[in-house]
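Accompanying notes for the structure given below.
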Amino acid sequence: MQIATWNVNSLAVRLPQLLDWLQANPVDALVLQETKLTDDKFPQAEIEAAGYQVSFHGQKTYNGVALLSRGPQEAVVKNIPGFADEQARVIAATVAGVRVIGGYFPNGQAPGSEKFAYKMAWLDALQAWLRQELAAHPQLVLLGDYNIAPEDRDVYDPVAWAGQIHCTDEERTHFRTLLGLGLVDAFRLFEQPPKSWSWWDYRNLAFRKNQGLRIDHILVSAALQPRVSACVIDKLPRKNERPSDHAPVVVTLKD
DNA sequence: ATGTCGAGGCCACCTCGA
């Protein structure tokens, strides 16, 4: 079984690439972030024609998430229960016995800003909900665009980025708290090439210079960890002539 | 090199967010 995450930065623009990618990578489940589509504009028919069931939760211009799966989805949840939020950032469902939670974590803009405070409140709410989800669903994966680079080795220039958004102590503490709930970073279960990133700024020729951050993550529960056999970042879509700024991340589970 | 994209307003350029 394979489960993947991809911030597509506008599904309207990236739909052809998504369909191409699914043909080459027929994963069992995929969560998308930054679809930037209201639900009435979501390309449900095209995705179903590609052999996937899909749940989605979107809004105009910003954010928006979706969950695609080959098999049926049970107990679909949109956004964090009990956390009033106008921003569409979370979608979850149980797929083939695995609780799949996809998230588009707030960017946070800059430490000290209102958006940073919102990011912290959102992370608090996620953490509280996740405790319950883990108790109810031991086989769980939390994946998406975390907008957090957990360690200095996840940053192309850790000195320049020290204390900057994605790299603050507060964000990294939140990431470690998630691990403390009984989750593990699937990517770090394996030896990986140094300078592995999942996002490169569109500016500054960042991709050509491989100046990026690893901010898209797949965290798996302790009960799921023994099944994890691989976790990779697929840089290929970032080489498209009209790419998203993020690359997909894929985890492989043994049956 | 702050050297890019994408959405949306009410455009044929600007602002915002990332």
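If you're wondering where the values come from, they're calculated on a predicted model, not measured in any experiment. A note on names: the letters A, B, ... follow the listed sequences, proteins ahead of strands, and every chain is numbered from 1.
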Are the aromatic ring centres of A/His217 and A/Phe175 under 6.0 angstrom apart?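 Distance test on ring centres: under 6.0 Å, yes.
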
Between A/Phe83 and A/Trp129, does the ring centroid distance fall short of 6.0 Å?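 That pair fails the under 6.0 Å test.
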
Listed nucleotide nearest any side-chain atom of [X], set [options]:
X        : options               : result
A/Asn204 : B/dT4, B/dG8, B/dT2   : B/dT2
A/Tyr202 : B/dC5, B/dG17, B/dA7  : B/dC5
A/Tyr62  : B/dA18, B/dT4, B/dG17 : B/dG17
A/Val13  : B/dT4, B/dA7, B/dA18  : B/dA7
A/Ser10  : B/dA18, B/dG6, B/dG9  : B/dG6

To the nearest angstrom, how far is [X] atom [atom1] from [N] atom [atom2]?
X        : N      : atom1 : atom2 : answer
A/Trp199 : B/dC5  : CH2   : P     : 13 Å
A/Lys60  : B/dG6  : NZ    : C1'   : 15 Å
A/Phe207 : B/dC5  : CZ    : P     : 13 Å
A/Lys41  : B/dG8  : NZ    : C1'   : 11 Å
A/Phe116 : B/dA18 : CZ    : C1'   : 16 Å
A/Phe105 : B/dA18 : CZ    : P     : 16 Å
A/Tyr118 : B/dG17 : OH    : P     : 14 Å

Pair A/Thr5-A/Gln33, side-chain donor/acceptor within less than 3.5 Å: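 Yes - a donor-acceptor pair under 3.5 Å links their side chains.
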
A/Thr61 or A/Glu34, whichever maps to the more 5' nucleotide of DNA chain B: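 The answer here is A/Thr61.
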
By nearest nucleotide on DNA chain B, pick out whichever of A/Arg208 and A/Leu11 is the more 5' one.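 It is A/Arg208, whose closest nucleotide lies nearer the 5' terminus.
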
Given [N], is OP1 or OP2 found less than 4.0 Å from the side-chain N or O atoms of [X]?
X        : N      : answer
A/Arg14  : B/dG6  : yes
A/Lys36  : B/dC5  : no
A/Arg203 : B/dA18 : no

Would you find a donor on one side and an acceptor on the other, under 3.5 Å apart, between the side chain of A/Asn7 and the backbone of A/Asn9?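 Judged by distance alone, yes, a pair lies under 3.5 Å.
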
May I ask you to say whether A/Asp39 pairs ionically with A/Lys60, meaning some side-chain N is under 4.0 Å from a carboxylate O?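 Looking at A/Lys60 together with A/Asp39, the answer is no, because their closest N to O distance does not fall below 4.0 Å.
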
